[in-house]
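If you scroll down you'll find the structure; I have some questions about it.
All ligand and atom numbering here is 1-based and tracks the order in the structure. Please read these numbers as outputs of a predicted model, since none were measured by experiment.
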Amino acid sequence: MCGIYGYLGEYPASDEILRWLRRLEYRGYDSAGLSVARDSGDIATVKRVGRIQELKNAVDAIGLSDGRVGIGHTRWATHGGVSEQNCHPHISYDGRYHLAHNGIIENMSELSAKLSAQGISCQGSTDTEVATNLYATIASDDPISSLRLFTSKIEGAYALVFLDRDHPDRLFGAKKWSPLVLGFAEHGVYCSSDRRSLEGICDEYVSLEDGDIFVVRSRDDYTIVNGGVQIVRDREELSGEEIATELGEFSHFMMKEIHEQPQVVENVFAGRVNFETAEIASPTLKALAKRDISRIVIIASGTSYHAGLVGKHYIEHLSGIETDVVVSAEFKYSWHRIHADRVYVFISQSGETADTLECMKLVKAKGGYAFGVVNVPGSSIARLSDAGLYTHAGVEIGVASTKAFTGQILTLLLMALALGNARTLPHAEYAYLLFEMRKLPDLIARMLARSDAIRTVAEKYASYQNFFFLGRALELPMAQEGALKLKETTYHHAEAYSSWELKHGSLALIDANFPTIILNADGPLHAKNQSSTQEIHARSGPVIGVISDRADAALYDDVLRFPETVYELVPFVQVVLLQLFAYHMTVVLGNDVDKPRNLAKSVTVE
Ligand code: M6R
């Protein structure tokens with residue numbers, strides 16, 4: 001998704017900006033650009049569609065090594081197509097102001113019409129160009145009062161960083177509903193939409209809040225104003241490691257991250273579970289378990305939503321608390337009364353997904369209790385949560401979420417166990433499940449060792465264009481996640497259904513060219529899933545069975561086997577299997593597995 005960046009300091013700004021753009025390449029973008037205030041007094045702007053390397057080549061070609069102040073941007077198209085014209089930074093009609101912007105200005109049409117009436121027309125079709133021109137029409141030499149007037153005229157979400165040709169010694173901007181931080185290093189100050197991008201570079205940062213307007217002149221000279229009042233925001237320590245961009249023995253981040261899942265499991269357990277005493281020691285979970293909870297509502301998007309569906313199964317079965325799972329994009333606009341005795345669980349890898357974040361703000365504004373299950377420490381959702389747990393999956397670079405899912409479902413399983421233990425779950429069942437969970441790192445490692453067998457099946461089916469993923473009960477969300485992984489990386493069409501729902505219409509699609517992947521763990525629904533397989537075979541549809549080592553393979557055209565485990569833990573091996581299936585098929589097809597087309601790692605616009 002879009003990223004904005006500003007640098008003011010002792011180092012060449014173009015080097016710092018390119019370094020940052022490279023670090024955030026994984027987030028997904030279609031074009032990138034930068035503006036740097038040169039020592040000559042001009043501002044050089046370079047933009048390119050495509051990869052950062054192309055931008056770097058263009059920067060090198062003009063010898064842009066001077067200039068200590070600049071802004072940069074990676075764009076993921078929302079308003080207007082992918083072109084250099086629409087790429088940021090945008091330059092105002094008079095050439096003075098350069099702007100990098102994340103978010104969406106919702107009253108752009110109205111503002112554009114007003115500018116046209118003043119004889120100012122835009123060359124491209126982005127809301128940011130309109131915003132840049134608007135700023136130029138109202139700005140004075142005082143950026144604070146100019147920004148106050150400017151932000152009173154724009155509606156929507158924004159993180160903005162401006163560079164002013166006539167005052168190239170400062171950066172200024174504003175934030176509302178889109179992340180933006182200031183980072184402080186010995187040699188200078190940074191503005192960034194991604195706090196993690198500053199790890200290893202800055203030692204301190206300030207998280208800007210909605211409504212903040214800022215001007216930065218040096219690392220010790222900056223002003224933040226909110227609602228007309230000057231604010232002092234605490235500087236926080238930035239202690240994390242630099243984002244790991246080393247692939248090690250792997251060819252792609254997706255594969256590397258799939259292989260990190262045994263470690264993610266260890267991380268989630270660390271400090272929270274005492275296996276010797278069969279105790280969940282997390283104070284956060286102990287406090288949650290003591291609450292009087294009438295219902296749980298889980299809100300999330302994409303892979304995190306699928307984790308929520310697995311969590312619903314765990315919570316309802318182990319604790320007896322009824323649980324709803326709602327896609328973030330729908331929750332905000334659905335009829336939901338917020339109840340003080342419910343717990344609203346927000347799941348997000350990035351902690352910055354705008355759809356989820358907006359739901360959280362709405363829930364909190366109406367007095368709801370917000371519990372975050374987040375991977376990125378210090379992210380917006382983590383900060384806004386009343387309580388929460390980190391999923392400790394580490395930085396996830398592949399756009400296709402893999403290890404984060406495992407951290408999420410394990411965290412939700414611990415939550416369900418803690419809630420159940422404080423309610424009606426028999427202690428023997430609780431202790432038995434914890435005992436089995438301890439084997440998860442080894443179980444996942446055994447699944448990973450089957451990568452070659454999965455590749456063989458993936459290669460065989462790579463040329464098919466359509467797939468069904470079927471499952472029931474706990475395996476239905478796994479089918480949904482398997483279908484999502486396959487479509488986002490292979491670009492093949494994949495749909496997930498409850499195995500028994502297929503006959504209510506979609507079975508019409510089945511023929512010899514429409515393979516089905518059926519998830520069929522051992523358990524009460526095993527025989528019923530075998531009946532579904534027969535129905536598909538009767539229509540000549542190929543079926544790949546995802547079955548345990550002890551299950552009968554005779555019914556299926558091909559099988560993908562997973563090591564046996566208790567039913568509740570099946571998702572932990574099935575997800576690895578499905579991730580590997582999507583990964584191998586994508587590599588066979590030659591797609592960019594870490595940066596699938598059209599997608600962004602973190603969707604920070606609604
Ligand atoms: O960062 P989040 O977990 O809030 O992101 C939500 C979705 O955008 C995300 O899970 C997406 O579906 C995955 N990248 C798909 O692999």
Is the closest heavy-atom distance from Val399 to ligand 1 below 4.0 Å? yes
Of the listed options Glu488, His306, Glu396, Gln349, closest to atom 16 (O) of ligand 1 (non-hydrogen atoms): Glu488
Below 3.5 angstrom, do we get any N/O pair linking Gln408 and ligand 1? no
Test of understanding: with salt bridge (Lys or Arg N to Asp or Glu O under 4.0 Å), list the residues that count as partners of Glu236, not counting sequence neighbours. Arg383
In ligand 1, the atoms that come under 4.0 Å of a heavy atom of Thr353 are 1 (O), 2 (P), 4 (O), 5 (O), 6 (C)
For the backbone of Gly394 and the side chain of Asn375, can you confirm whether one donor and one acceptor N or O come within less than 3.5 Å of each other? yes
Strictly distance-based, threshold 3.5 Å: is any side-chain N or O of Lys256 a donor or acceptor partner for the main-chain N or O of Phe250? no
Using a 4.0 Å cut-off to any heavy atom of Ala400, which atoms of ligand 1 qualify? 16 (O)
Parallel, tilted or perpendicular, as decided by the 30° and 60° cut-offs, for the rings of Trp20 and Tyr5: parallel
Can you classify the ring geometry of Phe572 versus Tyr314 as parallel (below 30°), tilted (30 to 60°) or perpendicular (above 60°)? parallel
If the condition is salt bridge (Lys or Arg N to Asp or Glu O under 4.0 Å), which residues does Arg597 pass it with, not counting sequence neighbours? none
Could you tell me if any non-hydrogen atom of Lys485 lies under 4.0 Å from any atom of ligand 1? yes
Element-labelled atoms of ligand 1 that are located less than 4.0 Å from some non-hydrogen atom of Ser304: 2 (P), 3 (O), 10 (O)
